[in-house]
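Take a look at the following structure, please.
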Amino acid sequence: MSKLIKDGFVVTVTGESFIGDVLIEGGKIAKVGKNIKSKNAEVIDATGKYVLPGFIDAHSHVALFEEGIGSAQDGNEVGDPITADVRAIDAFNPYDIAIKRALDGGFTTVMILPGSANVIGGQGAIVKFKSNIVDYCIVKSPAGLKMATGENPKRVYGSMNKLPSTRLGIAAIMRSYFMKVQDYMEKKRRAIEKDGAFLDRDPKLEIGELVLKGEIPARIHAHRAQDIVTAIRVAKEFNFKLVIEHGTEAYKVVDYLVENNVPVVVGPFGFRTKIELKDQTYDNIRILNEKGVLTAIMVDHPVNPLEYANMQAAIAMKYGAKKEDLLKMLTINPAKILGIDNMVGSIEVGKDADIAIWDNDPFLPQARVEKVFIEGNEVKWWGGNE
């Protein structure tokens, strides 16, 4: 059924904001403007409300590191520094209460990723919170190969007296992996050329082939400036696309990020609990944006709860970031980083009708989400009440 959101303060993100209407037909945004009329549409009165595109999180562990279950998590397959063959969708639990809370925070789409224990951690996926069946939620899988530098792999494997226990070892494992992928691709090419078939598939290397072919990016966890530069160095050596995850010290090498056209999903912000976070600052968001780095904001759920991402972003205004830029970092920027900005991230005709109606400005602490629509359907979490 068609829906007509009437007389709300429509924040399009990519255009002007105004008091007006949004017409939804067939799960898509059909019209955006003032005084829209439709005979058959269900009318939703948004007078005095804020109408925004659904928020997008380009880096999340929601429903992998579930709330309320302690150490019984499914986010890291620890034991081998290379687990490229594991897939986030195989552990995603739609009944994680965090999904309800994420919807309450205006989120409709997330990139779910394995954790950062391993140098090559596994395959991420883009999902929408629209079903209790993960297969119906998937926008793209695999959508990126999670990799990690720095203290996490050092701590995990150093404690086992295994490689890697240093940054030297981490970079060496990355290079070794992609060299093997290159050899695998050549072996496959020769087999197909000779026999018309390749019968020696390796799931760990198949995903690396997608990275080297440019079909998906590497999503590299890197906090410190030196790790960011190492990630870029390895990406240049093997000619693959990458996204920097966290980028705590990205402001220190911002010009190098611009030079190499590397986007950053920045965050989380909070306690400076380890050496990689000691130079953490909210100025990072403003500096990256002002310099022209394509930047999105994450809270690294469950490090910080996803439903409070708007408040994390709002704090950055204290450090000079502009409200309109921060809204982009929760909507159209992550959509661009994920390669789905033709579908979501703004209120524009032809895009998916993923819309949240707020009772107030979302950057105010008292603001609440009243309704969430994904592809035109109002979403009510399927897991029951808290």
Side-chain angles (χ1 to χ4, degrees), residues 27 54-66 73-77 80 82-96 98-99 102-103 107-148 177 181 184-185 201-221 240-245 263 265 296 298 300-302 306 334-345 351-352 354 374-375 377 379 382:
F55 286 166
I56 300 167
D57 185 2
H59 175 115
S60 181
H61 309 294
V62 66
L64 301 180
F65 292 89
E66 297 174 44
Q73 57 83 19
D74 286 312
N76 278 310
E77 183 58 49
D80 187 334
I82 299 175
T83 53
D85 48 335
V86 305
R87 305 189 306 169
I89 58 169
D90 294 327
F92 183 81
N93 180 12
Y95 290 93
D96 181 3
I99 292 177
L103 287 164
F107 279 90
T108 53
T109 305
V110 296
M111 172 74 161
I112 52 169
L113 293 159
S116 51
N118 300 339
V119 179
I120 314 290
Q123 303 168 34
I126 303 166
V127 298
K128 292 188 180 186
F129 296 137
K130 63 179 182 177
S131 174
N132 66 325
I133 305 299
V134 65
D135 301 72
Y136 298 157
C137 298
I138 295 169
V139 177
K140 183 177 181 180
S141 178
L145 178 60
K146 177 66 181 298
M147 298 167 58
Y177 173 73
V181 172
Y184 179 77
M185 292 169 66
R201 291 181 297 168
D202 185 329
K204 286 190 176 184
L205 301 178
E206 284 283 324
I207 188 69
E209 182 175 353
L210 296 182
V211 174
L212 293 191
K213 285 182 174 179
E215 295 181 25
I216 62 172
R219 305 292 301 264
I220 303 184
H221 166 117
F240 61 76
K241 296 183 292 186
L242 83 153
V243 178
I244 294 296
E245 311 290 317
V265 185
M298 67 146 113
D300 203 21
H301 182 97
L306 193 54
K336 288 177 179 178
I337 289 170
L338 297 177
I340 56 173
D341 53 302
N342 62 318
M343 299 168 50
V344 293
K351 288 194 173 184
D352 293 352
D354 295 0
I374 297 179
E375 296 169 10
N377 296 313
V379 180
W382 40 82

Establish, from distance only, whether the side-chain atoms of N132 and Y95 form a donor-acceptor pair under 3.5 Å. yes
Check: V119 main-chain N/O paired with Y177 side-chain donor or acceptor under 3.5 Å: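 No; zero donor-acceptor contacts below 3.5 Å.
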Ignoring hydrogens and angles, tell me if any N or O in the side chain of R87 forms a donor-acceptor pair with the backbone of S141 under 3.5 Å. no
Between T83 (side chain only) and I120 (backbone N and O only), is there a donor and an acceptor less than 3.5 Å apart?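 Indeed, once roles are kept as given, a pair shorter than 3.5 Å links the two residues.
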Strictly distance-based, threshold 3.5 Å: is any side-chain N or O of D96 a donor or acceptor partner for the main-chain N or O of A63? yes
Check whether any side-chain heavy atom of F65 sits under 4.5 Å from a side-chain heavy atom of H301, and report yes or no.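 Counting from C-beta outward, F65 and H301 never come under 4.5 Å.
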Rounded to the nearest 0.5 Å, what separates atom CG in L210 from atom CD1 in I216?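 Taking CG in L210 and CD1 in I216, the distance rounds to 5.0 Å.
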Exam field: side chain K351 to backbone M343, donor-acceptor pair closer than 3.5 Å: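 Not confirmed, K351 side chain does not pair with M343 backbone.
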Value for CG (L103) from OG1 (T108), rounded to nearest 0.5 Å, stands at 8.5 Å
Would you say the side chain of F55 lies within less than 4.5 Å of the side chain of D57, judging by non-hydrogen atoms? no
Can you tell if the side chain of V62 reaches within under 4.5 Å of the side chain of I112, non-hydrogen atoms only? yes
Could you check whether any side-chain heavy atom of L212 comes within less than 4.5 Å of a side-chain heavy atom of M185, counting everything from C-beta outward?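 SC-SC contact between L212 and M185 confirmed.
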Is there a side-chain contact between P142 and I207 (heavy atoms, below 4.5 Å)? yes
CG/L64 to CG/L113 distance, rounded to the nearest 0.5 angstrom?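 If we round to the nearest 0.5 Å, L64:CG and L113:CG are 8.5 Å apart.
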Checking K146 side chain against G122 main chain: does a donor-acceptor pair fall under 3.5 Å? no
Using 30° and 60° as the class boundaries, would you call the ring planes of F129 and F92 parallel, tilted or perpendicular?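 F129 vs F92 ring planes: parallel.
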Please confirm whether the backbone N or O of N76 pairs with a side-chain atom of Q73, one donor and one acceptor, at under 3.5 Å?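 Yes, the answer is positive, given that a donor and an acceptor are paired below the 3.5 Å cut-off.
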Rounded to the nearest 0.5 Å, the CD1 atom of I244 sits from the NE2 atom of H59 at a distance of 12.0 Å
Non-hydrogen side-chain atoms of T109 and D354 separated by less than 4.5 Å: yes
State whether a side-chain donor-acceptor pair under 3.5 Å links E245 with H221.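 Absent: no donor and acceptor within the cut-off.
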Flag the pair D352 and K130 as a salt bridge only when some basic side-chain nitrogen lies within less than 4.0 angstrom of an acidic carboxylate oxygen.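 No, D352 and K130 are not salt-bridged.
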Decide whether D300 and H61 meet the rule of one side-chain donor and one side-chain acceptor closer than 3.5 Å. yes
Could you check whether any side-chain heavy atom of I138 comes within less than 4.5 Å of a side-chain heavy atom of I126, counting everything from C-beta outward?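 SC-SC contact between I138 and I126 ruled out.
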Does a side-chain N-to-carboxylate-O contact under 4.0 Å join E375 and K128?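 The answer is yes: the pair qualifies as a salt bridge.
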Test item: V265 and I337 side chains (from C-beta on) under 4.5 Å apart, heavy atoms: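 The answer is yes; the side chains approach within 4.5 Å.
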